[in-house]
Structures are given as structure tokens and as C-alpha cells.
*Asks:* 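Sharing a structure below in C-alpha cells format, with a few things to ask.
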Amino acid sequence: MPNLDRLLKTLSGLSDQTVSSIVEDTLRDGLPQRYKGLMETHNLGKLLEDEDEA
């Protein structure tokens, strides 16, 4: 895990994004693909909508 932490901090510095925003973007993109069946079965896609859209 130390390498992942270092990678995130490096990407944060290079992209001018916070580590938190990088993690959030990655989760938003990856979770629906990885857990597609569960997301569809339980109608969880709505939870990914921005609060401004809800």
C-alpha cells in the first residue's frame, strides 16, 4: 500500500487534483463496471448522481 499512497500523491501533484478527488473519480468510474449486476439489481446508480442533479 505505500506504493499506492505514493502514486496517488504523485498523481495529485502532477494533475493539480486532490488525492481525494482522484480516488472519488476512480471509484465513480470503476465501481459501476465491477459491480454492475448488484448496481442494477438494487438500483444503486442513483447514488452516483451528483447532489446538484438529484
Side-chain angles (χ1 to χ4, degrees):
M1 287 300 208
N3 287 336
L4 181 57
D5 183 54
R6 195 161 78 206
L7 173 61
L8 285 170
K9 287 178 182 176
T10 302
L11 289 172
S12 174
L14 293 171
S15 67
D16 203 28
Q17 286 184 276
T18 65
V19 169
S20 179
S21 68
I22 292 172
V23 170
E24 184 177 339
D25 289 347
T26 303
L27 289 173
R28 281 187 187 276
D29 292 343
L31 284 176
Q33 293 173 3
R34 182 161 187 170
Y35 298 100
K36 183 178 181 179
L38 288 173
M39 299 277 297
E40 290 174 355
T41 299
H42 298 284
N43 200 26
L44 298 176
K46 292 180 181 181
L47 296 175
L48 290 176
E49 294 175 1
D50 288 335
E51 289 181 9
D52 295 337
E53 295 176 15

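Positions are given from 1 along the sequence. When reading the values below, keep in mind they use all heavy atoms of this one structure, side chains included, and skip hydrogens, waters and symmetry mates.
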*Asks:* Please give me the minimum heavy-atom distance between Leu8 and Val19, naming the atom from each residue.
*Replies:* O-CG2, 3.8 Å
*Asks:* Step through the shown structure and confirm whether more than 12 heavy atoms of other residues, nucleotides or ligands are within 6.0 Å of CZ on Arg34.
*Replies:* no
*Asks:* Only one of Leu11, Asp5, Asn3 passes side-chain contact (heavy atoms from CB on, under 4.5 Å) with Leu7; say which it is.
*Replies:* Leu11
*Asks:* Do Lys36 and Met39 come within less than 4.5 Å of each other through their side chains, counting heavy atoms only?
*Replies:* no
*Asks:* Atom CZ in Arg28, atom OG1 in Thr26: separation rounded to 0.5 Å?
*Replies:* 11.5 Å
*Asks:* Any chain of hydrophobic side-chain contacts (each under 4.5 Å) joining Leu47 to Val23?
*Replies:* yes
*Asks:* Do Gln33 and Asp29 make a side-chain contact, defined as non-hydrogen atoms from C-beta onward lying under 4.5 Å apart?
*Replies:* no
*Asks:* Look up atom CG in Leu31 and atom CG in Leu48, then write down how far apart they are to the nearest 0.5 Å.
*Replies:* 7.0 Å
*Asks:* Between Ser15 and Ile22, what is the shortest heavy-atom contact and its length?
*Replies:* OG-CD1, 4.0 Å
*Asks:* Indicate the atoms forming the closest heavy-atom contact of Leu27 with Pro32, along with that distance.
*Replies:* O-CD, 3.8 Å
